[in-house]
Amino acid sequence: METVKLRFQYIQSEYIKAERQYLISSKTIHKYEIALATLFLLLPVVYMLFSSFSIFSILIFGLIIVVTALGSYLYILMLILKFKQIAKYHEEYTLVFSKETIKFKTQSMESEIKWNIYSALWESRGFYYLIQALRVYTLIPKRVFKDLNEKQLFEEITQSRVKTTKHV
């Protein structure tokens, strides 16, 4: 029986990058929303300059600053805080993939799961996402593979067990 054994620990910067990729790929956050926020910041500034800083333009500008700050908090700071506060992201993972099951092992837990909980495999430049449901996935950094053969075996096992494969 062929297996792929991966051993790794998440790095904050890669976790945040992967989570942002997921948010955009899953359409939780759209790329145009960032450009739209920038535009919304510029419009009140231009309006204030042409209206001699009217009360209305100052209020609109303040409101847009608050909304943009909240969006930035959710997109930037929330991911950093999530990584720092959740202990499982700081543990070393050992994952063993076979055609029958996946074995998870960390310092705080050990389990063996069947493939049927996963519905898709998403692949990006630096990561694999084994998707269970919306916002529920197992993240595997590509840096953890020893060589190309191990990566190809992982892909073969995974693609034989999940319904969908998607490049994001």
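What you are looking at is a predicted structure, and each value in this text was computed from that prediction instead of being measured.
Between Tyr15 and Tyr89, the angle of the ring planes lies from 30° to 60°, which puts this pair in the tilted group. Using cut-offs of 30° and 60° for the angle between ring planes, the Tyr129 and Tyr22 rings count as tilted. Relative orientation of the Phe97 and Phe154 rings is perpendicular, given thresholds of 30° and 60° on the angle between their planes.
Each of Glu155, Gln159, Glu123 was evaluated against Thr165; a single residue qualifies, Gln159, per the side chain to side chain contact (heavy atoms under 4.5 Å, CB included) test.
Under the 4.0 Å criterion applied to side-chain N and carboxylate O atoms, Glu100 and Arg161 are not assigned as salt-bridge partners.
A donor-acceptor pair is defined here as one N or O able to donate and one able to accept, closer than 3.5 Å; such a pair exists between the side chain of Lys142 and the backbone of Ser124.
Note that CG of Leu121 is 12.0 Å distant from CD1 of Ile157, once rounded to the nearest 0.5 Å. With rounding to the nearest 0.5 Å, the separation of CD1 in Ile102 from CD1 in Ile117 is 6.5 Å. Atom CD of Gln12 and atom NE2 of His90 lie 7.5 Å apart (nearest 0.5 Å). To the nearest 0.5 Å, atom CG of residue Leu95 and atom CG of residue Leu130 are 9.0 Å apart. How far CG of Asn116 is from NZ of Lys163: 8.5 Å, rounded to the nearest 0.5 Å. If you take CD on Gln9 and CD on Glu92, they are separated by 6.5 Å, rounding to the nearest 0.5 Å.
Between Glu14 and Leu139 there is no side-chain heavy-atom pair separated by less than 4.5 Å.
Residue-environment remark: CD1 (Ile86) exceeds the threshold of 12 foreign heavy atoms within 6.0 Å. For Arg143, the CZ atom is densely surrounded, since the number of other residues' heavy atoms within 6.0 Å is greater than 12. Summarising the local packing, CD of Glu91 is surrounded by more than 12 heavy atoms from other residues, nucleotides or ligands at distances under 6.0 Å.
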Checklist line | Stepwise salt bridge (Lys or Arg N to Asp or Glu O under 4.0 Å) test for Glu112 and Lys105 | finding: CA-CA 9 Å; Glu112 187 170 338; Lys105 185 178 182 199; over 6 Å; no

Next item on the list: Go through the steps to decide whether Thr158 and Tyr128 satisfy the test side chain to side chain donor-acceptor pair (under 3.5 Å), and finish with yes or no.
Entry: CA-CA 10 Å; Thr158 307; Tyr128 289 105; over 6 Å; no

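For the pair Lys146 and Lys5, the tightest heavy-atom approach, listed with the atom from each and the gap, is NZ-O, 4.2 Å. Closest of all the heavy-atom pairs between Trp115 and Ser98 is NE1-O, 2.7 Å.
Proximity of the aromatic rings of Tyr137 and Phe127 is defined here by a centroid distance below 6.0 angstrom, and this criterion is not met.
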